[in-house]
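Just so it is clear, the model here is predicted, and its values are computed rather than measured. Below, read A as the first sequence line, B as the second, and so on, with proteins coming before strands; counting in each chain starts at 1.
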There are 2 protein chains.
Amino acid sequence: MADGPTITTIAERAGVSIASVSRVLNGLPTRQETVRKVMAAADELGYVRNAVARSLKSRRTHQVAFAMADVGNPAYLAMLREIQPVLKAAGYRLVLHSTDAVVADEIDVLHSLGERYVDGLIMSPLRVTEQHLEMLAAARAPVVIIGSVPEGTRADNVRADSRTGVRLAIDHLYALGRRRIGMINGPLDTVPGAARGAAYREALADLGLPYDEDLVRIGDFYRAEGGRAVAELLDRVPDVDALMCANDLIALGALDVLRAAGKRVPADVAVVGMDDTDLAAASWPALTSVSLGSAERGKAAAELLLDRLQGGDREPRVVTVPPRLVVRASTAGTAGAGTVHDDAGRTERKEGGA
Amino acid sequence: MADGPTITTIAERAGVSIASVSRVLNGLPTRQETVRKVMAAADELGYVRNAVARSLKSRRTHQVAFAMADVGNPAYLAMLREIQPVLKAAGYRLVLHSTDAVVADEIDVLHSLGERYVDGLIMSPLRVTEQHLEMLAAARAPVVIIGSVPEGTRADNVRADSRTGVRLAIDHLYALGRRRIGMINGPLDTVPGAARGAAYREALADLGLPYDEDLVRIGDFYRAEGGRAVAELLDRVPDVDALMCANDLIALGALDVLRAAGKRVPADVAVVGMDDTDLAAASWPALTSVSLGSAERGKAAAELLLDRLQGGDREPRVVTVPPRLVVRASTAGTAGAGTVHDDAGRTERKEGGA
DNA sequence: CCCATTGCTGTAAACGTTTACCGCGTGGGC
DNA sequence: GCCCACGCGGTAAACGTTTACAGCAATGGG
């Protein structure tokens, strides 16, 4: 376990200065003979560049952090799956933070950017507080936010359009003849929760359907709690004929409860999930789900960050990824592979920066 | 974007030397007055310690890498979910590598330990080659391997016991009266593939069942390919009455194909998966699956690594996590929550180190 | 009253790189 | 034959910390 070789060791063995060693290792113009000697010495010693010393001098770590709310949530995993290869291809390592959607933890991550152990950050907060915005303004490294952030925030921003997504789903249910469409939502003080709740209300209004409080239940974004909310709803409105769930986990909970209650899906109750995770395809009946483009958002975020890391300054950008409705058996009634009701192409526009 | 403050900036503002600043920040004994001045200056400047410089001097990065074969595989995710909080609690950051089970990538990761950007590594290779062992012997930081590694390897090792796992499943199927039990395996040159294949053969022998080549099909560890393998098997042995699948993804593929072929599960064919991932509980019928304790293995690996990082030298340890059979509808025929056929407690023993 | 001890603090070196700058030797132009 | 330019390579500083060591003031004991 003797200390590994450094450029000094190599310099001694090759009989040159450490500057020459560094130059050779970095491919700077050097006499052929010197290159040969240095390479030989490096090989013999099994030299590997010390990344820490390198970072200290160059002020670049070649690391990027991804702060996800919840390692267990497949939607974030889909992002991670796309982010990882993009960063890797560009020579960056990925540092993973799990914040459990706790604001203090997210603030911590933003604060820790000051430690300069990463060159940039991709973050996907469930709520965006005043404190978030303050820390963002003061952040010591570029940040890309996945999720909506107020106009004028100086950070690149990748958005889903859950409003349109909910709209696609409700329209679909309406087209199938459903008229008593319930909604199982997550907490209203989260960005997605609020957006999805509002979109549901709006979509009903546009279709001329009444908004009925009893048809809306709130839980968290998980399976068990989602199921509980469904049970409550069934209790109040036994003849509900469709359920719009704010994510797939909630929808799985809904399937559990409906099955236990003897309701047939989709004959009696049609169920739509959201996020189009792997679970949607795996469940039975397979779940119709609104894809909010998690994978695309992850990819876009990684690309935005890389662009900023390489390109330097430019105005913050907002990328909005359009939703797609993936129809499966839980609404359409056939066990087929599923049809995609696509939407417009990806939109991208520049923010008028402050 | 002026350069952030350093201890030098603080020292000037507080009118003390950088040594004093460092001492205060590290809580070393210092006069009260000095502490006050330094703290005040640090607060006003919004100082944050530079992790890179710190690491260079202290030779500790407080980062640990986890190299997973496949970010998409829920079994590895289960590990990740457990590893993350353990490391976080101990003050370590997590660097995530995805190797796609490509040997060259895994070797790369081991090699990159020489860059000293992490203090240790948890790795879960699908295959363990000669090259792996060589690199392990030469590794410049502690490594914990999840998966089996030859006796005498100088690395901590966390093992699943898929042999016993397969045994539990086959015994279960036998007890249900199944006699034509097929096996859908992954590649035989992977550690799990080889172990599971051998265990299947052994279990049949012990039960006095004949080993029939036509009942064994090989694909990869994914859903589509798993399905293809099942279709092939159905073609040759139409009256197969049970399928042991080498992981849950394959089992989902099996469900797809059986459904398409008009076979009832479990009435006509019972299906068992492996790894007991989230997908198993989400599918329909819910999948009986052998849990190999992914979560426990991840946790154990993280703890072993931390122990070594903190404790220094000791003999390499081998931890074996026992399997559990989680019975669900795909074999038992009821849609209940599932029973657990447990096994012995976790076993742990020391390796006779070289 | 002087010296030894104690308690703080400052100076400087070190961690392993990268890179600005300078000096040396060679070759070519005049 | 002299001078300049050019190509290489070496010296040293810098990145932002931590820490060994030494120095200095105050205190207490003999």
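- Applying the ring pair (Phe, Tyr, Trp, His ring centres under 6.0 Å) test to pairs two or more places apart or on separate chains, those with a residue in residues 47-105 of chain A are His62(A)-Tyr92(A).
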For residues 29-39 of chain A, run the donor-acceptor check on the side chains, cut-off 3.5 Å, and write out each pair with its distance to 0.1 Å, sequence neighbours left out.
unit_1, atom_1, unit_2, atom_2, d
Thr30(A), OG1, Leu28(A), O, 2.6
Glu33(A), OE2, Arg36(A), NH2, 3.3

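- Asn26(B) CG: more than 12 foreign heavy atoms inside a 6.0 Å radius.
- Using a 4.0 Å cut-off on heavy atoms, none of the residues of residues 107-121 of chain B approach DNA chain C.
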Detail all sub-3.5 Å separations between protein N/O atoms and N/O atoms belonging to nucleotides 5-7 of chain D.
none

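- For residues 8-21 of chain B, the pairs satisfying salt bridge (charged side-chain N to carboxylate O under 4.0 Å, His left out) are Arg13(B)-Glu44(B), with sequence neighbours left out.
- Using a 4.0 Å cutoff on non-hydrogen atoms, the parts of residues 25-40 of chain B near DNA chain D are Asn26(B), ordered by number.
- Ser58(A) comes within 4.0 angstrom of no nucleic acid atom, judged by non-hydrogen atoms across all strands.
- Taking the side-chain hydrogen bond (donor to acceptor under 3.5 Å, both in side chains) definition, one finds that Thr129(A) meets it with His132(A), sequence neighbours left out.
- For residues 44-53 of chain A, proximity to DNA chain C is found at Tyr47(A), Arg49(A), Asn50(A), Ala53(A), defined as any non-hydrogen atom under 4.0 angstrom from a strand atom.
- Taking every heavy atom of residues 11-20 of chain A and every atom of DNA chain D, pairs under 4.0 Å involve Val16(A), Ser17(A), Ala19(A), Ser20(A), by number.
- Screening residues 56-74 of chain B for salt bridge (charged side-chain N to carboxylate O under 4.0 Å, His left out) gives Asp3(A)-Arg59(B) as the qualifying pairs, with residues at least two apart or on separate chains.
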*Return one dot-bracket line describing DNA chain D 5' to 3' (Watson-Crick or G-U wobble pairs, both distances under 3.5 Å; ( ) same strand, [ ] crossing, | another strand, . none).*
||||||||||||||||||||||||||||||
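- Screening residues 84-98 of chain B for salt bridge (charged side-chain N to carboxylate O under 4.0 Å, His left out) gives Asp105(A)-Lys88(B), Glu115(A)-Arg93(B) as the qualifying pairs, with residues at least two apart or on separate chains.
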